[in-house]
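A quick write-up on the structure given underneath.
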Amino acid sequence: MTSILAAALLSCAVGDTIVKLDEVTVSGRRHRDFQMRSSQTAVQVGHDYLSQHFSGSLMQTLEGIPGVKAMSIGSGQSKPTIRGLGFNRLAVSEDGIKHEGQQWGDDHGLEIDQFAIDRAEVIKGPAALLYGSDAIGGVLSLHTNHLPTKPLEGAVQLFGRSNNEQVGMSALVGGRSGKFFFRANATLIDYADYHVPTDSIQYYSYWIKLKDQRLRNTAGLERDGSLMLGYAGYNFHTDVRVSDSYSKSGFFANAHGLEVRLSGIDYDHSRRDIDLPHQWVNHLKVLSHTTWQSEAVNLDLHLAYQNNLREERSEPISHGYMPQPDGSLERRFNKDTYTATFSLRRELGSHALQGSVNGELQHNRRDGWGFIIPDFDAGTVGAYVFDRFTLREHLILNAGVRYDFAQTHIRSYHDWYETPVDGVPTYLQRSADMRHHFNSLTWSAGVNYATGQWLMKANVGKSFRVPIPKELGADGINYHIFRYERGNASLDPEESYQLDATLSWTSDKLEMQVEPYLNYFPNYIYLNPTAQYVEGLQLYHYTQARVLRYGLEAELTWHIDRHWQVNTQGEYLYARQKSGEKKGYTLPFSTPWSVDVGGRYSFDRLGQGFVGLNAHIVGSQHEIVPPEKPTDGYWTLNLSAGKYFQLGDMTLNVAIHADNLLNRRYYDHTSYYRLIDVPEPGRNVSVKVELEL
């Protein structure tokens, strides 16, 4: 926004040629300053990017960033992956606090209101030094910290998607009186069953007819709200934020272990009904941030409480020796998380020292007649020191070390029904009572160097990840991803050593960037697919193996003139197991190579109106882990357009994004739905209209 304002002022004074150069200089300087902050590969996007690239869920919006993917199941749910790593290998931070839900769940999203987010930062590669366990694959850092500057201001957004007939509204209101301020958000979303370009699918040996090419019972809704109150002085700032996110969505009925023809529910009665089986998730978050700063010292204190409550409900049907249960509550999880982080930053000449101590307590309890993970209690304490040493303006060295201690108490669980064992009725034990203690010393070092139009960064480090309770004690059916999962109580903490680099060159016309990386895991934890079947579903069990991963992301942008821009970007990932029973194979659901080629036309020199066309090309994936099946390559054509309109003191922003314009049928190798022959969604047009007051 600053560069646009500067360009507008210069336009009145000195003409178009200088405007163009000044705008490039300002934006380029901002980009370089951000890249010089850290030796790790990082990307930052603001509110304008999030608005113009709106594509449904937050992660689908961020998929345009090289190396970032949305792992989707259903039309309204998606989780982030960075360089093929996600779930508990990727930390999601909101306003300085790590978001804690049921991260092991593959079938629900982030439980964060995407329309309240002002900017997002993606850190690629291990970031355990600053974020601790779970940041072994990267960090998605979200910020909702824009402070109101007027006595009263706000915005209203209306949006929709064609594929699942989504309609929604989000409203923001804020204000400032002296040094006190407030901000409130509310979001409502409702969507129907989503459309796929096929009339039928094959689930194992069954052919299932789809009505109107829609996956029945995949409708859903979302209700979000948040409130922030604070005080912003010259060197002292404090605020308290309360947010609540609720979502409810159906599971594709034909894939939940029951056949629709045996159910009394008329799933085809309405596309917007949310029938059994379904899930609902509610995430309550209360956090406070207090900071004090002087010229050389900055103190930060973050405190937070989070409650994640999740229920899965389905028709009560007997499985194996389990009799027909009472009620529809299959699973219920109630997780409380308490977090505290104290940080200190101090400037000492050419050194910028940073230190932090943080602690976290988790308490998770289950209920319902179905079992997948046991009750558990967990606690972690960690501390790090980090130094950013500026040798000269364009040469910066940094290094840090961190120590963490974690403990996990998994509680025992026995079936509520009897199973014959050697002819004796027995309440089988699914999970034993166990206590685990883990500790780890991690480190990181890197260099940033800029000269002329070149920018070079390199970082090497060690990260770790504590095994989650599901990996240690799971023993049950996960219907939504079509497998039986079994944990392993003898797992060791996962470790990772990674070298990554960034090489970029920027001019008025061209921007080039290459980001290679090398990643070695001495003991990678993963779900190993087997040829066995338990209760009718394929058995996956947790195991560890030495794994080598390497790859790169590359991007080239050509600014032909002040209107036309051409961009191409691609990514490649190689993974190989170096030990274990699947030695020589890759990892399950490995990401294939992909390339994006697109062009963009801006209607005016300030970029306030544009239209772009993009071809997304994905290679076939024949690198699999038996009995996994290969996936053919595909390509899709996508369109995006946007325009800002000034209406007096108000700004109107219209954004359009169309995916899979040709309605092509294809399968994503990272999607669980391909296991039952469900293709990716068909043509989908997303529209958002935002009015800023």
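Numbers here simply count residues along the sequence, with the first being 1. Computed from heavy atoms alone, side chains included, the values below leave out hydrogens, waters and symmetry copies. Since this is a predicted model, take the numbers as computed values, not measurements.
A distance-only check finds no donor-acceptor pair linking the side chain of Ser671 to the backbone of Asp668 [under 3.5 Å]. Of the possible donor and acceptor atoms, none in the side chain of Gln513 sits under 3.5 Å from a partner among the backbone N and O of Leu556. The backbone N or O of Leu613 sits nowhere less than 3.5 Å from a side-chain atom of Ser640 that would complete a donor-acceptor pair. The backbone N or O of Glu393 sits nowhere less than 3.5 Å from a side-chain atom of Thr390 that would complete a donor-acceptor pair. Of the possible donor and acceptor atoms, one in the side chain of Ser579 sits under 3.5 Å from a partner among the backbone N and O of Arg546. In this structure, the side chain of Thr502 does not engage the main chain of Thr41 through any donor-acceptor pair within 3.5 Å. At distances below 3.5 Å, not a single donor-acceptor pair connects side-chain atoms of Lys578 with backbone N or O atoms of Gly584. Distance alone, capped at 3.5 Å, places no donor-acceptor pair between the Lys470 side chain and the Gly487 backbone. Put simply, the side chain of Gln569 gets close to the backbone of Gly64: a donor and an acceptor are under 3.5 Å apart. A donor-acceptor contact shorter than 3.5 Å is absent between the side chain of His394 and the backbone of Tyr449.
Smallest separation of non-hydrogen atoms from Thr586 and Ala575: OG1-O, 3.1 Å. Between Tyr524 and Val547, the closest heavy-atom pair is CB-CG2, 3.5 Å. Leu455 and Ala450 make their closest contact through CD1-CB, 4.0 Å (heavy atoms, listed as atom of the first residue, atom of the second, distance). Heavy atoms only, all atoms of each residue included: Ser590 and Gln621 are closest at O-NE2, 3.1 Å. For the pair Leu527 and Pro588, the tightest heavy-atom approach, listed with the atom from each and the gap, is O-CG, 3.7 Å. Counting all heavy atoms, side chain and backbone alike, Leu142 lies closest to Ala120 at CD2-CB, 3.8 Å.
Every residue two or more places apart in sequence or in another chain that forms a side chain to side chain contact (heavy atoms under 4.5 Å, CB included) with Val385 is listed here: Val401. Glu555 pairs by the salt bridge (charged side-chain N to carboxylate O under 4.0 Å, His left out) definition with nothing, not counting sequence neighbours. Evaluation of the side chain to side chain contact (heavy atoms under 4.5 Å, CB included) rule for Gln544 yields Leu491, Asp492, Asn523, Ile525 as partners, not counting sequence neighbours. Under the ring-ring contact (aromatic ring centres under 6.0 Å, His included) criterion, Phe389 pairs with His351, not counting sequence neighbours. Asp404 pairs by the salt bridge (charged side-chain N to carboxylate O under 4.0 Å, His left out) definition with Arg402, not counting sequence neighbours. Taking Asp118 as the reference, Arg183 meet the salt bridge (charged side-chain N to carboxylate O under 4.0 Å, His left out) condition, with sequence neighbours excluded. Taking the ring-ring contact (aromatic ring centres under 6.0 Å, His included) definition, one finds that His53 meets it with Tyr49, sequence neighbours left out. Qualifying salt bridge (charged side-chain N to carboxylate O under 4.0 Å, His left out) partners for Glu94, counting only residues two or more places apart in sequence or in other chains: Lys285. Evaluation of the side chain to side chain contact (heavy atoms under 4.5 Å, CB included) rule for Thr636 yields His616, Tyr634, Asn638, Asn660, Tyr666 as partners, not counting sequence neighbours. Partners of Phe115 under the ring-ring contact (aromatic ring centres under 6.0 Å, His included) rule, at least two apart in sequence or in another chain, are Phe54, Phe159. Residues passing the side chain to side chain contact (heavy atoms under 4.5 Å, CB included) test with Pro80, sequence neighbours excluded: Met59, Leu90, Val92, Leu110, Leu140.
Counting only residues at least two apart or in different chains, salt bridge (Lys or Arg N to Asp or Glu O under 4.0 Å) contacts with residues 622-641 comprise Arg576-Glu623, Glu628-Arg674.
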Worksheet item: Yes or no on side chain to side chain donor-acceptor pair (under 3.5 Å) for Arg119 and Gln44, after CA distance, side-chain angles and deciding distance?
Response: CA-CA 7 Å; Arg119 62 184 175 92; Gln44 182 173 254; 2.9 Å; yes
Item to complete: Test Thr339 against Asn358 for side chain to side chain donor-acceptor pair (under 3.5 Å), laying out the working first.
Response: CA-CA 7 Å; Thr339 308; Asn358 74 283; over 6 Å; no
Worksheet entry | Evaluation steps, side chain to side chain donor-acceptor pair (under 3.5 Å), between Thr341 and His302 | CA-CA 5 Å; Thr341 301; His302 287 87; 5.8 Å; no
Practice prompt. Apply side chain to side chain donor-acceptor pair (under 3.5 Å) to the pair Asp659 and His657, showing each step before the final yes or no.
Written response: CA-CA 7 Å; Asp659 292 306; His657 191 90; 3.0 Å; yes
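With respect to Arg465 and Glu495, no salt bridge is recorded, no charged nitrogen being found less than 4.0 Å from a carboxylate O. A salt bridge links Lys98 with Glu100: at least one charged nitrogen is closer than 4.0 Å to a carboxylate oxygen. In summary, Arg345 and Asp300 engage in a salt bridge, as defined by a charged side-chain N under 4.0 Å from a carboxylate O. For the pair Glu680 and Arg665, the salt-bridge criterion is not met [side-chain N within less than 4.0 Å of a carboxylate O]. Ion pairing of Arg83 with Glu553 is present here, as a side-chain N (NZ or NE/NH1/NH2) and a carboxylate O approach within less than 4.0 Å. Salt-bridge formation is not detected for the pair Glu515/Lys457: no Lys NZ or Arg NE/NH1/NH2 atom is positioned less than 4.0 Å from an Asp or Glu carboxylate oxygen.
Distance check, rounded to the nearest 0.5 Å: CD of Glu571 to CD1 of Ile65 gives 11.5 Å.
Under the 30°/60° scheme for interplanar angles, the aromatic rings of Tyr574 and Tyr550 are found to lie parallel.
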